[in-house]
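Okay, structure first, notes after.
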Amino acid sequence: MDELLTGLNPAQKEAVTYSGGPLLVLAGAGSGKTRVLTHRAAYLVASGKAEPHNLLLLTFTNKAAEEMRNRLYSLLEKIVEEKNFDRPFAGNFHTFCAYLLRREGPAIGLSRSFVIYDEDDQLSLIKNLMKKMNVDDKNFKPAAIRGVIEHSKNDFLTAEDFLNLHSGSWHQTVGEIYRTYQQNLKKIAALDFTDLLIYGVKLFKEKPEILKKYQRIYRFVLVDEYQDTNKAQYLLTKLLSKESGNLTVVGDAAQAIYSWRGADYRNLLSLSADFPKIKIINLEENYRSTQNILDVSYQVICKNRKHPVLKLKSLQEKGVRPVVFKALSETDEAEFVCEKIKQLTDFCAVAPAEIAVLYRTNAQSRVFEEAFINHNIPYILYGGVKFYERAEVKDVICLLRVIHNQNDIISWGRIEKNFGKRRKEKVKNYLQSRKEKETKVLIEEMLEISSYLQKFDKDKEEDLRKLENIKELLSVAENFPDLTDFLENVALVQQEYSLQEKEKRKKVGEAVKLMTLHASKGLEFAVVFIVGLEEGLLPHYQSLEDEERLEEERRLCYVGMTRAKKFLFLTFAVRRLYFGQTNYNDLSRFLEDIPEELLKKEGNWDEDEDWELE
DNA sequence: GAGGGGGCGGTTTTT
DNA sequence: CCGCCCCCTC
């Protein structure tokens, strides 16, 4: 038990051992927050307050969930073996809700064998409905409508609420689409991602006896990255822990960067109202960055007024001042980054793998890719199409989904479109005669009868990659012989199996990382370049008019800066070619917020050029 | 059913 | 400027 506390600082220790009910841990960047959460969970077990199955650990993303699970399981390994305990549930909200609804869904009228629709399926369904309803897709963009529907659902607004709330013909039409969309999901027995969460809440609200059952099982609810929860997730955690009061949440409002998809950092703050006796612990010791980096980051984030900001203290040395580089153009900027990388790797013993280039938009990556190729710098580009979203993979999955649920008209529609009418008929015939089989066998047989693979030309590199991906899918299927399990994993775990991903993994240890600021959350690097610090880019031009959104851009900048352990470079370009247009942007207001003496200027500054340009 | 051409849109992205 | 999506044609 004591080994769970060794190496923790006093605040961390207090958070791990606190036994008085609701607990809110405000954990700054690099302050060891996942460590606190997992150690607390393990401590509850070690001290005999809970058995592992009484714990429920939740977070938003698979990546974070996996990290959390691995760390916790290794902490619990010994005791689980000794006492023959089950391992606790540690996963993301959607997976938990899917588990819950497969079990208890019938109580609120759901089919146990519902399919889960992803964004692509949602769009197909919406387009499908719009055609039937004779709505033109010029004035009514399916993607926009999908967004509106999702937002409404996140706010627990039904189609009827939506129609009552908005007048205007555009909204009335969208409301009608929303209503039809929901009806169709019901008919198909499909749930979209948001449904998983809101039906989870609905279940608990409408069936108190079921809620009670789960409250008694999960006597300790622990949530990581609480600033990323949306309304439904907030309600879920609140409902589950209402009886026990044992809710532990960890988060940092200053790192909330996902409000555009429904996350609301105010959930972190409203907990105090819902649990008046909540204990609040601040983690302000930073193990990651030098004090110089933290000072610069603080100057940026402290301008935010709508949420508390922690003042972090570094446990590392003072370090060197972050550099601000003025580039003449976007190519000049990329050249500077290459030069610095060469210097750092050649003379400062920094490994390329320890370096990251972070940008606001994916479109900025191209220039860096070109420069890295020219300079022979190995790199990995993050972002791009996901394995399960690849056309060929999705096609095969649709074959399986119609086995699972023959009413799935969206999958049938896709099969007809991508396989042709004749092959679709063959698939239909096959379904009449099939027996229970393992997933892999099912795929093989269906590929055979639909002669799908013949679509591809082995001599074309592109097609070869697609065949490779299908092969990969087959080997995933080996791990999930049960079809329902397989489809659930496909929908919710979304692990990467693509060939590209394998190549990436091989390079991880030796290449510079290129990614968006969003993608960098939770990671750390010895050297960080934040590029394109310009008005219109960071902050992004679509955020300039709105105070809330500007604050989020500022948090995004802060998240990027606090990824850096030793060296931080901030760059901007006076002139930039972007989407084929030359722009002359002012330097970012976030840079102007930093007192000049905290930075070191490099690049094309004019003699005595004022820091404050405005 | 495939392949070419025109038009348009382009922030971030997880489940 | 690039890439995707849709539609048209053969």
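Just the heavy atoms: all of them, side chains too, but no hydrogens, waters or symmetry mates, feed the values below. Here is how names work: the chains are called A, B, and so on, in the same order as the sequence lines, proteins then strands, and each is numbered from 1.
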Check: What does Asn62(A) touch in the nucleic acid at a heavy-atom separation under 4.0 angstrom: a base, only the sugar-phosphate, or nothing?
Finding: sugar-phosphate

Next item on the list: Please check if any side-chain donor atom of Thr571(A) sits under 3.5 Å from a side-chain acceptor atom of Glu333(A), or the reverse.
Entry: yes

Notebook entry, point to check: Contact class for Phe419(A) (heavy atom, under 4.0 Å): base, sugar-phosphate, or nothing?
Noted result: sugar-phosphate

Next item on the list: Look at all strands and tell whether Arg423(A) reaches a base, only sugar-phosphate, or nothing, counting heavy atoms closer than 4.0 Å.
Entry: nothing

Note to self: Using modelled atom types and a 3.5 Å cut-off, is there a donor and acceptor pairing between side-chain atoms of Arg423(A) and backbone atoms of Ser450(A)?
What the structure shows: yes

Next item on the list: Write down the distance separating the P atoms in dC5(C) and dT12(B), rounded off to the nearest Å.
Entry: 15 Å

Next item on the list: At the 4.0 Å heavy-atom cut-off to chain A, mark where contacts on DNA chain B begin and end, going 5' to 3'.
Entry: dG1(B) to dT15(B)

Checklist line | From CA spacing to verdict: side-chain hydrogen bond (donor to acceptor under 3.5 Å, both in side chains), Asn304(A), Tyr558(A) | finding: CA-CA 11 Å; Asn304(A) 272 3; Tyr558(A) 176 71; over 6 Å; no

Notebook entry, point to check: On DNA chain C, nearest-nucleotide positions of Lys417(A) versus Leu577(A): which is more 5'?
Noted result: Leu577(A)

Notebook entry, point to check: OP1 or OP2 of dC6(C) less than 4.0 angstrom from a side-chain nitrogen or oxygen of Lys127(A), does that happen here?
Noted result: yes

Item checked: dG3(C) to dT14(B) separation - C1' atoms, rounded to the nearest Å -> 23 Å

Note to self: In this structure, how many angstroms lie between the P atom of dC2(C) and the OH atom of Tyr578(A), rounded?
What the structure shows: 15 Å

Next item on the list: Could you check whether Asp228(A) gets within reach of a base, just the sugar-phosphate, or nothing at all, counting any heavy atom under 4.0 Å?
Entry: nothing

Next item on the list: Examine the side chains of Glu330(A) and Tyr578(A) and answer whether a donor and an acceptor come within less than 3.5 Å of each other.
Entry: no

Check: Under 4.0 angstrom, heavy atoms only, what part of the nucleic acid is Glu552(A) near: base, sugar-phosphate, or nothing?
Finding: nothing

Notebook entry, point to check: Quick one: do the Asp224(A) and Thr34(A) side chains pair a donor with an acceptor below 3.5 Å?
Noted result: yes

Item checked: Option from Glu535(A), Glu553(A), Arg554(A) for which side-chain contact (heavy atoms from CB on, under 4.5 Å) with Ser588(A) holds -> Glu535(A)

Next item on the list: Identify whether any heavy atom of Lys421(A) sits under 4.0 Å from a base atom; if not, whether one sits that close to sugar-phosphate; answer base, sugar-phosphate or nothing.
Entry: nothing

Next item on the list: Specify whether Phe162(A) and Tyr178(A) have parallel, tilted or perpendicular ring planes, treating 30° as the upper limit for parallel and 60° as the lower limit for perpendicular.
Entry: perpendicular

Check: How far, in whole Å, is dC6(C) from dT11(B) if one measures between their C1' atoms?
Finding: 24 Å

